[in-house]
S.K.: 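I'd like to ask you about the structure that follows.
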Amino acid sequence: MPRARIFKAGVCAAFFTCVAPAFAADDIALGEYLSATCVTCHQKSGKVTGGVPSITGWPAEQFIAVMEAYRKKERENEVMRALASGLSTDDIAALAVYFRTLGPGKK
Amino acid sequence: MLINRRTLLRGSGAAAGVFVLGAPALLGQARQRVVIIGGGPGGATAAKYLAKDSEGKLDVVLVEPKKQFTTCFHSNLFLGDFKSFDEITHGYEKIAAQGVRMNHQMAGSIDRDKKEVVLADGLRLPYDRLVLSPGIDLKYDSVPGWSQQHEETMPHAWQAGDQTRLLKARLDAVPDGGTIVMIAPPNPYRCPPGPYERASMMAHVLKAKGRTKAKIVIIDPKETFSKQGLFQEGWEKYYPGMVEWLGPKVHDGLKSVDPKTNTVETGFETYKNAALVNVIPAQMAGKIARDAQLANQSGYCPIQPDSMKSTIDPNIYILGDACIAGEMPKSGFSANSQAKVAAMMIRGELLGARTFPARYANTCWSLIETGDVVKVGGAYEAKEGAIKASSTFVSKTGEDADLRKQNAQENTGWYAGIIADMFG
């Protein structure tokens with residue numbers, strides 16, 4: 001179900017070829033484990049305080065695009081670049097699916 | 001065995017669980033027990049994650065004498081009038097609501113052979129796994145002339161709580177023209193940028209009160225310090241002439257302090273009748289860890305980098321400031337990160353839960369002046385027998401003011417985030 005959610009969206013072809021063979025995009029357990037690092041700053045409830053945005057309930061393809069931009073150092077923020085640099089494509093997809101499951105939360 | 005355990009568990013409110021605890025775990029009836037010592041960023045996070053992720057399958061006990069925890073991180077912001085004391089103080093109610101059993105007393109010692117923690121009242125708590133997160137102890141004999149009996153006169157405020165409030169009161173009373181002498185600690189110590197953020201906050205308060213003739217002299221045993229260029233740039237920009245940092249080549253060694261006269265003597269100069277002397281001494285792992293022979297000659301505890309498990313005792317995990325975490329600094333963020341790895345590995349061992357390769361992260365934000373925050377941090381992993389950085393970053397001198405403001409907003413968001421993660 002979560003993987004279907006990703007795949008039904010209009011995502012670029014390159015993304016499919018990267019993620020599909022590993023079948024890791026719906027690895028909620030991996031996503032939940034990796035999310036432990038994110039939720040030190042980004043609140044799991046979706047609540048926003050200060051300059052740390054909510055990352056819950058995003059469309060998975062948007063989450064992936066943003067994280068890939070940090071990983072490629074196209075998007076500014078040294079904390080996010082450092083953390084994204086250690087993530088594989090499958091890791092990012094697993095995170096996207098996990099945070100999607102949390103819903104949008106309180107703004 | 002059963003009777004013994006029942007006796008041991010008296011008062012813990014676990015009467016129903018007593019008999020199954022005595023039964024072999026393999027029968028699948030027993031809830032195995034994880035005892036956590038220390039309710040700071042390492043211990044509180046480990047307790048919460050163990051309880052939450054095991055969904056009641058583990059008996060999780062957090063031993064912490066305090067009912068309220070004041071964070072060392074952001075205690076400098078309290079000194080600088082950016083936060084109230086209440087804002088950096090948090091209760092354990094929501095951790096308890098996750099299913100963690102709170103035990104508000106001091107853990108006295110660890111009986112590693114019996115796998116029991118001996119509490120201050122003599123009660124023995126058996127454990128299947130122990131998480132040790134006791135933080136630091138101060139080396140009271142590391143500064144000549146200073147000792148524990150002088151910590152009221154010359155406060156350290158390196159363990160947050162009453163000391164933090166004392167230092168704040170003393171700071172607020174520093175007159176214009178008064179001198180603050182800070183004795184900085186040698187490596188390794190809790191929160192590498194902490195002393196220098198503190199000096200910034202001291203200068204901020206004095207400046208805000210119009211006491212710009214007051215001065216902060218930092219006597220440092222280290223040749224260099226964390227974010228040095230960034231702090232020194234900030235001090236010159238915001239607090240010209242107010243903060244003077246002296247490395248060992250300049251001060252030629254700290255000779256002694258005299259709490260009776262508030263005097264600090266170095267090889268270079270003697271500071272008499274200082275308005276405030278803030279002694280941040282050398283540090284080591286908390287006593288309970290050292291007494292249990294879990295520390296090495298460095299005074300800190302070696303751990304396996306892929307799990308946070310003690311290299312000395314496979315039933316014990318050691319987190320935060322007390323452990324030797326390779327390239328990770330001693331920080332609340334680091335302890336929180338390490339706790340999540342340990343919690344996962346313990347669930348793997350005791351419940352057969354799935355585990356993943358350890359990943360760690362840290363960032364330390366430091367406030368120099370209103371809206372000007374610098375940061376240092378990285379991502380870490382187990383590599384070649386140690387925790388090593390896979391990617392690091394640090395703010396740069398001469399950065400754009402907007403970027404520093406973003407850092408300030410991040411710092412605010414991070415604090416709310418880690419508190420929600422630990423205590424929420």
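Each chain gets a letter, A, B and so on, in the order the sequences are listed, and its residues count up from 1.
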S.K.: Working to the nearest 0.5 Å, report the span between OH of B:Y415 and OG1 of A:T49.
M.R.: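 Rounded to the nearest 0.5 Å, the OH-OG1 separation comes to 12.0 Å.
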S.K.: Considering only heavy atoms from C-beta outward, does the side chain of B:R354 approach that of A:Y33 to under 4.5 Å?
M.R.: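 Result no, sub-4.5 Å side-chain heavy-atom pair not found.
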S.K.: Where on A:T40 is there a heavy atom nearer than 4.5 Å to chain B: the side chain, the backbone, both, or neither?
M.R.: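 Both backbone and side chain.
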S.K.: Heavy-atom pairs under 4.5 Å with chain A are the metric here; pick the option from B:Q406, B:R359, B:E381, B:Q409 that has the most.
M.R.: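 Counting heavy-atom pairs under 4.5 Å, the top option is B:R359.
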S.K.: For a quick test of reading the model, state the closest non-hydrogen atom pair linking B:A361 to A:L83 and the distance between them.
M.R.: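 Between these two residues, the closest heavy atoms are CB-CD2, 3.5 Å.
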S.K.: More than 12 foreign heavy atoms under 6.0 Å from NZ of B:K94: is that the case here?
M.R.: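 12 or below, so no.
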S.K.: For chain A, which of B:F356, B:W414, B:F333, B:Y360 has the most heavy-atom pairs under 4.5 Å?
M.R.: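 Looking at each option in turn, the highest pair count goes to B:F356.
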S.K.: Check whether B:S337 gets within reach of chain A through its side chain, its backbone, both or neither, counting any heavy atom under 4.5 Å.
M.R.: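 Contact with chain A: none, neither part.
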S.K.: Name the region of A:E78, side chain, backbone, both or neither, that has any atom closer than 4.5 Å to a heavy atom of chain B.
M.R.: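 For A:E78, the contact with chain B is made by backbone and side chain together.
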S.K.: Between A:V52 and B:E410, what is the shortest heavy-atom contact and its length?
M.R.: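 Smallest heavy-atom distance, with atoms named: CG2-O, 3.8 Å.
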S.K.: Indicate the atoms forming the closest heavy-atom contact of A:Q43 with B:G417, along with that distance.
M.R.: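 Here A:Q43 and B:G417 meet closest at CG-CA, 3.8 Å.
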S.K.: Taking side chain as everything from C-beta outward and backbone as N, CA, C, O, which of these in B:Y49 sits under 4.5 Å from a heavy atom of chain A? Side chain, backbone, both or neither.
M.R.: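 Contact with chain A: side chain only.
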S.K.: State the CZ-OG distance between B:F393 and A:S85, to the nearest 0.5 angstrom.
M.R.: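 Here the rounded value is 10.5 Å.
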S.K.: For B:K405, is it the side chain, the backbone, both or neither that has a heavy atom under 4.5 Å from a heavy atom of chain A?
M.R.: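 For B:K405, no heavy atom lies under 4.5 Å from chain A.
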S.K.: Answer with side chain, backbone, both or neither: which region of B:P357 has an atom nearer than 4.5 Å to a non-hydrogen atom of chain A?
M.R.: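 Backbone only.
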S.K.: Could you check whether any side-chain heavy atom of B:L403 comes within less than 4.5 Å of a side-chain heavy atom of A:E76, counting everything from C-beta outward?
M.R.: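 No. Closest side-chain heavy atoms not under 4.5 Å.
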S.K.: Examine whether an atom of B:N407 lies under 4.5 Å from a heavy atom of chain A, and if so say whether it belongs to the side chain, the backbone or both; otherwise answer neither.
M.R.: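 Neither part.
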